[in-house]
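The block underneath contains the structure these notes are about, expressed in structure tokens.
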Amino acid sequence: MTGNIVARRYAKALFALAKKAGKKAPAEYGRDLEAFASVLEGSPDLLKVFANPIISADVKKAVLSGVVGKLGLKPMVVNFLSLLADKERLPFVLEVSAYYRTLLDEAEGVMRGQLVTAFALADARQDQIKTKLEKQSGKKLVLSFAVDPAIIGGVVLKVGDKVLDASLRAQLEILKEQIKRGE
């Protein structure tokens, strides 16, 4: 819980700075932050170094400068990551990045979701579905598609914290419960 609060505060602070820096800055800072977070996700040992309280902040900053030097991040993002190192908050950078993405999506009017089907859909059909959902919601939609044969048929749509389960599996479960109750 504490990590989530810390991540939100730092993400909000960076987002506020990005909005002051210009129109394109929030998206650019977000890309840089995601690039650094993906490096940490790909290297659990590096994350352990940043999370280790025995290692001094100076050593962590030296490691950090080596990593960000290869990524070519914006100076503001580098300064932000250096601040996180000074405050012993680098272990929260994955959560900071995720919450920053949420703030950026809200500011840009973007919703993220996933559509699960029983079989793979053609690209043209995926585009049709995405366009129709964007029309209905009135927002830009970033939709990922997945296949799960266990749903038998129909779709499961997850957007934000909402789930629409129109799968055959769910309908069969409802029918099964109705039969058990004697309806």
Side-chain angles (χ1 to χ4, degrees), residues 1-116 120 123 126-127 130 134 139-148 156-163:
M1 183 66 158
T2 306
N4 196 12
I5 293 169
V6 169
R8 286 175 182 253
R9 284 185 182 159
Y10 280 101
K12 285 178 183 177
L14 181 62
F15 192 74
L17 288 172
K19 286 196 315 193
K20 288 180 184 176
K23 196 170 189 171
K24 293 182 180 180
E28 291 172 349
Y29 290 5
R31 279 192 297 275
D32 286 356
L33 199 55
E34 284 179 1
F36 183 74
S38 68
V39 167
L40 289 183
E41 284 178 332
S43 176
D45 292 336
L46 188 59
L47 191 57
K48 286 178 186 174
V49 167
F50 291 142
N52 191 335
I54 296 172
I55 299 173
S56 71
D58 291 334
V59 173
K60 290 177 184 177
K61 285 174 76 170
V63 172
L64 177 67
S65 67
V67 173
V68 297
K70 293 178 182 175
L71 293 175
L73 305 179
K74 302 270 182 277
M76 180 63 77
V77 177
V78 173
N79 290 342
F80 175 75
L81 293 171
S82 181
L83 174 73
L84 290 179
D86 287 337
K87 302 288 183 182
E88 298 290 332
R89 302 292 195 210
L90 272 175
F92 301 115
V93 86
L94 299 175
E95 290 135 334
V96 170
S97 177
Y99 191 69
Y100 188 93
R101 168 53 54 201
T102 302
L103 293 172
L104 188 59
D105 285 349
E106 286 175 11
E108 294 177 344
V110 173
M111 293 176 19
R112 293 186 180 274
Q114 181 182 40
L115 185 76
V116 181
D123 290 342
Q126 289 180 359
D127 291 339
K130 183 179 172 217
E134 283 178 339
K139 293 188 176 187
K140 185 177 184 316
L141 184 63
V142 176
L143 195 61
S144 64
F145 294 86
V147 176
D148 181 7
V156 178
L157 177 64
K158 301 172 189 171
V159 178
D161 60 351
K162 295 182 174 115
V163 177

**Message:** Does Ile5 form a side-chain contact (heavy atoms from CB on, under 4.5 Å) with Arg8? I'd like the steps, not just the answer.
**Reply:** CA-CA 5 Å; Ile5 293 169; Arg8 286 175 182 253; 5.8 Å; no
**Request:** Go through the steps to decide whether Leu40 and Val93 satisfy the test side-chain contact (heavy atoms from CB on, under 4.5 Å), and finish with yes or no.
**Result:** CA-CA 9 Å; Leu40 289 183; Val93 86; 2.9 Å; yes
**Message:** As a quick check of understanding, evaluate side-chain contact (heavy atoms from CB on, under 4.5 Å) for Leu71 and Asp32, giving each step before the final call.
**Reply:** CA-CA 8 Å; Leu71 293 175; Asp32 286 356; over 6 Å; no
**Request:** Tell me, with the steps shown, if Phe36 and Val77 meet side-chain contact (heavy atoms from CB on, under 4.5 Å).
**Result:** CA-CA 10 Å; Phe36 183 74; Val77 177; over 6 Å; no
**Message:** Assess the residue pair Phe15 and Tyr100 against the criterion (ring-ring contact (aromatic ring centres under 6.0 Å, His included)); give the C-alpha distance rounded to whole Å, side-chain angles, the decisive distance to 0.1 Å, and a yes or no.
**Reply:** CA-CA 7 Å; Phe15 192 74; Tyr100 188 93; 5.5 Å; yes
**Request:** Check the pair Lys60, Glu88 against salt bridge (Lys or Arg N to Asp or Glu O under 4.0 Å), reporting the backbone distance first and the verdict last.
**Result:** CA-CA 9 Å; Lys60 290 177 184 177; Glu88 298 290 332; 2.6 Å; yes
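The side-chain heavy atoms of Leu83 and Tyr10, taken from C-beta on, include a pair separated by under 4.5 Å. Side-chain contact check for Val163 versus Leu157: every heavy-atom pair is 4.5 Å or farther apart. Side-chain contact check for Lys140 versus Glu108: every heavy-atom pair is 4.5 Å or farther apart. When side chains are defined from C-beta on, Gln114 does not count as touching Leu143, because their heavy atoms never get closer than 4.5 Å. At least one side-chain heavy atom of Arg101 sits less than 4.5 Å from a side-chain heavy atom of Leu104. Side-chain contact check for Leu103 versus Lys12: some heavy-atom pair is nearer than 4.5 Å.
To the nearest 0.5 angstrom, Asp86 atom CG is 11.5 Å from Leu81 atom CG. How far NZ of Lys130 is from CG of Leu115: 12.5 Å, rounded to the nearest 0.5 Å. For the atom pair CG (Leu17) and OH (Tyr29), the distance works out to 7.5 Å, reported to the nearest 0.5 Å. For the atom pair CD of Glu28 and CE of Met76, the computed distance is 12.0 Å after rounding to the nearest 0.5 Å.
Although no hydrogens or angles enter the test, the distance criterion places a donor-acceptor pair under 3.5 Å between the side chain of Ser38 and the main chain of Ala35. Between the side chain of Glu134 and the backbone N or O of Leu141 there is at least one donor-acceptor pair closer than 3.5 Å.
The salt bridge (charged side-chain N to carboxylate O under 4.0 Å, His left out) test applied to Arg112 returns Asp105, not counting sequence neighbours.
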Under 3.5 Å, which donor-acceptor pairs link side chains of residues 42-58 to any protein atom two or more places apart or in another chain?
{"unit_1": "Ser43", "atom_1": "OG", "unit_2": "Leu46", "atom_2": "N", "d": "3.4"}
{"unit_1": "Asn52", "atom_1": "OD1", "unit_2": "Ile54", "atom_2": "N", "d": "2.9"}
{"unit_1": "Ser56", "atom_1": "OG", "unit_2": "Val59", "atom_2": "N", "d": "3.3"}

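In this structure, Val96 and Leu33 approach most closely via the heavy-atom pair CG1-CD2, 4.0 Å. In terms of heavy-atom proximity, Lys139 sits nearest to Gly109 at CB-O, 3.5 Å.
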